[in-house]
Amino acid sequence: MSAERAAALRKLPSVDQILRVIAGRPEVADVPRARLTETVREVLDRERRRLLAGDAGALDADALATRVVDATRRAGVFSLRTVINATGVVLHTNLGRALLSPLAVERLAAAAAAYSNLELDLATKERGSRYSHVEPLLRRLTGAEDALVVNNNAAAVLLALETLAKGKDVIVSRGELIEIGGEFRIPDIMRRSGARLVEVGATNRTHPRDYADAIGPETALLLKVHTSNYRVVGFTAEVSSRGLVEIGRARGIPVMEDLGSGSFVDLRPFGFPYEPTVPEVVAAGVDVVSFSGDKLLGGPQAGIVVGSKAQMGRLKKNPLNRALRIDKLTLASLEATLYAYEAGDPRETIPALRMLTEPLSSVRDRARRVLRGLPAAARTRLDARIVEDQAQVGGGALPTVVLPTAAVAVGGAALSARAIDEALRVTEPAVIGRIADDRLLLDCRTVLAPQVGALAKALTGVAGAR
Ligand SMILES: *Cc1c(COP(=O)(O)O)cnc(C)c1O
């Protein structure tokens with residue numbers, strides 16, 4: 001190491017020296033000291049590396065303190081925060097999937113802030129079941145005899161397989177051995193549950209006789225899995241829920257269906273392709289049906305299982321249930337979400353359904369309002385224009401569906417789409433769009449009406465900042 005470099009390193013202020021300077025900065029008065037100390041260390045490390053790399057001149061304590069303050073403010077007080085979803089993907093898993101209705105939020109907050117009858121029967125003062133708050137709703141909405149809710153649908157599938165088929169065979173079509181995001185693969189979950197996978201049929205075609213021929217003394221379950229996030233098209237055949245039930249009944253073997261996104265509503269009137277609804281699958285006689293709370297249903301993260309009294313009774317007795325159990329906040333918001341389906345038109349109350357069925361003209365109006373919120377200079381500099389495009393449902397639901405949508409497109413010669421995208425991710429709230437053909441598209445289907453002003457403000461700031 002050269003003598004100058006060594007001297008520069010020696011001149012670096014200590015952690016304590018920098019912290020003393022920061023103590024006088026009002027911008028970070030509410031930041032816990034441990035967090036400031038960690039940031040000081042990071043900033044010092046970076047400075048040390050810079051000096052070792054041969055860059056001359058160490059910064060003094062004042063300059064380093066400013067860096068720490070800037071970095072702390074950029075990081076924000078909370079890590080998990082609100083963003084503006086301008087991707088157009090309504091059920092975006094990375095952005096939190098379904099939004100809760102105001103009523104669901106209200107019920108959640110009430111359950112959080114005060115004691116509740118979570119597991120108390122108010123009539124008898126005896127211990128009650130937490131599931132009792134949603135069970136009757138689920139029975140009425142799906143037509144099933146019994147219901148249970150756990151942490152998410154992956155947990156529901158695990159619980160069902162472990163209960164019904166541990167150490168036994170489960171017959172599944174090769175066309176349904178799906179992988180969804182986040183390490184969920186049917187063969188892996190099956191192994192974890194202790195059930196043995198028996199694959200039948202071919203990737204594109206599975207027939208009733210494939211299931212019937214595979215049934216043996218060790219067969220405990222026939223499983224149907226909804227191919228949520230892809231479609232096999234062309235020369236294809238699958239056995240319907242009803243067909244599988246016929247085979248199962250004839251041989252005394254229960255049938256389970258993992259519906260993935262499970263909807264209560266037929267979305268065909270809004271131009272969506274046919275998807276079996278939960279009540280239809282229950283009516284087909286499937287013994288155990290599982291689906292997510294936060295996909296098309298539009299509620300909180302949860303795994304909902306409905307089915308026959310006999311099979312559900314077995315699930316409810318499994319001690320694994322305790323490890324997968326749903327918490328009171330989820331339960332409160334789930335009850336409110338289910339209530340919305342019984343109480344009226346869920347498209348008016350469930351945000352996910354409202355966004356999915358919102359007419360293009362209304363999305364376009366919102367995009368226009370964003371554009372109108374931009375000063376002329378910002379509009380020019382961003383080369384901002386309204387474009388029509390296509391949005392996705394997301395959440396591994398309705399993969400072939402594209403929704404006509406309207407977006408504010410920005411990015412050009414003065415400011416590249418990439419630069420705008422980067423800058424919008426550090427605004428407060430952050431804005432997440434999608435880049436296509438060197439333009440950043442800010443899809444307004446998923447931008448909430450109250451966020452229009454904030455989006456325009458963020459764009460204006462970005463236009464002026466560089
Ligand atoms: C999404 C999905 C799951 C997992 O559901 P989570 O609620 O995300 O745990 C399981 N099976 C299928 C078919 C799915 O689409």
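The analysis underlying the following values was restricted to heavy atoms, covering all of them including side chains, and did not include hydrogens, waters or symmetry mates. One-based numbering, in listed order, for ligands and for the atoms of each.
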* Polar side-chain atom of Arg445 near backbone of Ala406 as donor-acceptor pair, under 3.5 Å -> no
* Measuring from Leu356:CG to Thr446:OG1, what's the distance to the nearest 0.5 Å? -> 10.5 Å
* Asked: What distance separates Leu177 CG from Thr227 OG1, expressed to the nearest 0.5 Å?
  -> 11.5 Å
* Using distance alone, with no hydrogens and no angle criterion, decide if Ser290 and Asn153 have a side-chain donor and acceptor under 3.5 Å apart. => yes
* Hey, is Arg107 close enough to Glu335 for a salt bridge, meaning N to O under 4.0 Å? -> no
* Donor-acceptor contact present, side-chain Arg434 to main-chain Thr87, <3.5 Å -> yes
Find all protein N or O atoms under 3.5 angstrom from an N or O atom of ligand 1 and list the pairs with distances, or write 'none'.
| from | atom 1 | to | atom 2 | distance (Å) |
| --- | --- | --- | --- | --- |
| ligand 1 | 5 (O) | Ser292 | OG | 3.2 |
| ligand 1 | 7 (O) | Asn153 | N | 3.0 |
| ligand 1 | 7 (O) | Ser292 | OG | 2.6 |
| ligand 1 | 8 (O) | Arg97 | NH1 | 3.0 |
| ligand 1 | 8 (O) | Arg97 | NH2 | 3.0 |
| ligand 1 | 9 (O) | Asn153 | N | 3.3 |
| ligand 1 | 9 (O) | Ala154 | N | 2.9 |
| ligand 1 | 11 (N) | Asp258 | OD1 | 3.3 |
| ligand 1 | 11 (N) | Asp258 | OD2 | 2.6 |
| ligand 1 | 15 (O) | Ser228 | OG | 2.4 |
| ligand 1 | 15 (O) | Lys295 | NZ | 2.8 |

